[in-house]
Number of protein chains: 2
Amino acid sequence: MPAMQVSRKVDYALRAMIYLSFQEGGQPCSVGQIASDEGIPKKFLEKIIQDLIHHGFVHSTRGAQGGYTLARNAGTITFKDVIEAIEGPVSLNVCVGESGERSDNICTLYPRCAMLSVWQEAQNRVMDLFASTTLADVRTRHGALPRVADDVVAG
Amino acid sequence: MPAMQVSRKVDYALRAMIYLSFQEGGQPCSVGQIASDEGIPKKFLEKIIQDLIHHGFVHSTRGAQGGYTLARNAGTITFKDVIEAIEGPVSLNVCVGESGERSDNICTLYPRCAMLSVWQEAQNRVMDLFASTTLADVRTRHGALPRVADDVVAG
DNA sequence: TTATATAAGACTTATCAGGTCTGAATAGGG
DNA sequence: CCCTATTCAGACCTGATAAGTCTTATATAA
Ligand code: FES
Ligand code: FES
């Protein structure tokens, strides 16, 4: 019923990346740590992080005391990067976004459609935001990393 | 694979509404007419239009020579109206939008999540656009109504 | 050599998008 | 009054996918 919603995978991926950005320069974090602090199913998160590794955003250390760290500086990783790594290109409608170039056989009226410009504008608005927001940006805005357990204390 | 995409239903609904807005004041249009001009599966469109009728956006005339017309002025119907009628409230992530008010038990970190503000900003950007764009707006920008058949002529 | 991690990938399950099909009810024309 | 064009209501179908689990293998610190 809710429209245009991002998948859980993307949500989890971003939470994990933000989590790691708060630990930048420190010890690697295990998947168990991240999963419980962020309230994410552990096995599911494990798979998501693999995707992030394969896209070069996360570095892993195997074995005991192992875990994950950011592979690049938090200031160089944008929301767009993470979203596209996990879900592929964002496209608010079939005829806009990365796939929009060859959508003349997907969308019957392309490119003379009356509402095409509206979808393009919407696409630009969100992509501008996602492309210009880095992990470092949200870290800066938030002094401390919120955790699930904190709510118990705060509650 | 494409992320955050609107459903075909919404796309079809908007096309049909724009189509009707071009006929404003004229004869009712049958579902067959709209479907073939816009390249939409007829039976599917029939159901979609029923939703639009139930939400008060479309008026129907039954029987021979019957069909559909806009129930309200094209200048008073926004993209937001149509999208929400068909798909329910837009919410780019589980914690924003209409359902965002009581999302403290959906989203584990709400409302102290580090990235919540980013999703809220994205939500605002697209909703501002959808809420301020009416059917009359896109009709004005486009002189004539594009149809599937026109492409054959235009070659 | 054991406990602690990640790595890879097959597997499951329920929901749902995107339709289709059937059979009404309604209205205009002859 | 009947035929045809149309909308209306709702059940039904089908393949894909989101969201997650399970299993086994591999690496490494202590
Ligand atoms: S909706 Fe895709 S070109 Fe119009
Ligand atoms: S993602 Fe929902 S509150 Fe953070």
Side-chain angles (χ1 to χ4, degrees), chain A residues 1-16 20 27-36 38-71 83 86-88 93-94 106-108, chain B residues 1-16 20 27-36 38-71 83 86-88 93-94 106-108:
Chain A
M1 206 72 180
M4 306 178 66
Q5 195 159 102
V6 84
S7 71
R8 304 308 298 135
K9 259 170 105 162
V10 164
D11 182 278
Y12 295 157
L14 283 165
R15 290 203 214 179
L20 291 179
Q27 295 295 104
C29 306
S30 75
V31 68
Q33 225 179 111
I34 307 173
S36 85
E38 293 285 330
I40 304 172
K42 183 177 164 183
K43 277 293 175 191
F44 194 30
L45 179 57
E46 214 170 303
K47 279 189 52 173
I48 293 166
I49 293 181
Q50 289 305 314
D51 280 352
L52 294 169
I53 290 170
H54 295 148
H55 281 85
F57 297 121
V58 169
H59 172 255
S60 73
T61 321
R62 296 173 70 150
Q65 313 306 316
Y68 305 103
T69 53
L70 286 191
I83 294 171
I86 296 298
E87 285 257 315
N93 201 345
V94 290
I106 303 175
C107 207
T108 42
Chain B
M1 207 73 181
M4 307 178 66
Q5 194 158 102
V6 84
S7 70
R8 304 308 297 137
K9 258 170 106 161
V10 164
D11 182 279
Y12 294 157
L14 283 165
R15 290 202 213 178
L20 292 178
Q27 294 296 104
C29 305
S30 75
V31 69
Q33 224 180 110
I34 306 173
S36 85
E38 293 286 328
I40 304 172
K42 183 177 165 183
K43 277 293 174 189
F44 194 29
L45 180 57
E46 213 170 305
K47 278 189 50 174
I48 294 166
I49 293 180
Q50 288 306 314
D51 279 353
L52 294 169
I53 290 170
H54 296 147
H55 281 86
F57 297 121
V58 169
H59 171 256
S60 72
T61 321
R62 296 174 69 151
Q65 314 305 317
Y68 305 103
T69 54
L70 286 191
I83 294 172
I86 296 298
E87 284 258 315
N93 201 345
V94 290
I106 302 175
C107 207
T108 42

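A, B, ... follow the sequence lines: proteins, then strands. Residue 1 opens every chain.
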Next item on the list: Kindly indicate, with the supporting measurements, whether the criterion side-chain contact (heavy atoms from CB on, under 4.5 Å) is fulfilled by A:Leu14 and A:Ile83.
Entry: CA-CA 8 Å; A:Leu14 283 165; A:Ile83 294 171; 4.3 Å; yes
Margin query: Going by side chain to side chain donor-acceptor pair (under 3.5 Å), name the residues that satisfy it together with B:Ser7, two or more places apart in sequence or in a different chain.
Written below: B:Glu87
Throw together a table of side-chain donor-acceptor distances under 3.5 angstrom for residues 50-57 of chain B, partners on residues two or more places apart or in other chains.
residue: B:His54; atom: ND1; partner: B:Gln50; partner atom: O; Å: 3.2
residue: B:His55; atom: ND1; partner: B:Asp51; partner atom: O; Å: 2.9

Next item on the list: By nearest nucleotide on DNA chain D, pick out whichever of A:Glu46 and B:Ile53 is the more 5' one.
Entry: B:Ile53
Margin query: Reading DNA chain D in the 5' to 3' direction, which nucleotide is the first one with an atom under 4.0 Å from a heavy atom of chain A, and which is the last?
Written below: D:dA19 to D:dA29
Notebook entry, point to check: Residues in side chain to side chain contact (heavy atoms under 4.5 Å, CB included) with A:Ser30, at least two apart?
Noted result: A:Gln33
Note to self: If the condition is salt bridge (charged side-chain N to carboxylate O under 4.0 Å, His left out), which residues does B:Lys43 pass it with, not counting sequence neighbours?
What the structure shows: B:Glu46
Margin query: How close do A:Thr61 and A:Pro28 get, counting heavy atoms only, and between which atoms?
Written below: OG1-CG, 4.0 Å
Next item on the list: Start with the C-alpha gap between B:Arg15 and B:Ile34, add the side-chain angles, then the distance that decides, and say whether side-chain contact (heavy atoms from CB on, under 4.5 Å) holds.
Entry: CA-CA 9 Å; B:Arg15 290 202 213 178; B:Ile34 306 173; over 6 Å; no
Margin query: So if I take residues 59-71 of chain B and measure heavy-atom distances to DNA chain C, which residues fall below 4.0 Å?
Written below: B:Arg62, B:Gly63, B:Ala64
Margin query: Return a single string for nucleotides 9-21 of chain C, one symbol per nucleotide in 5' to 3' order, where B is base contact, S is sugar-phosphate-only contact and - is none, cutoff 4.0 angstrom on heavy atoms.
Written below: -B-------SBBB
Notebook entry, point to check: Does A:His54 make a side-chain N or O approach to OP1 or OP2 of C:dA8 shorter than 4.0 Å?
Noted result: yes
Notebook entry, point to check: Can you list the residues that meet the side chain to side chain contact (heavy atoms under 4.5 Å, CB included) rule with A:Lys42, with sequence neighbours excluded?
Noted result: A:Val31, A:Ala35
Checklist line | Nearest heavy-atom neighbours spanning B:Gly88 and A:Ala3 | finding: O-CB, 4.2 Å
Item checked: Closest non-hydrogen atom pair, B:Tyr68 against B:Leu20 -> O-CD2, 3.5 Å
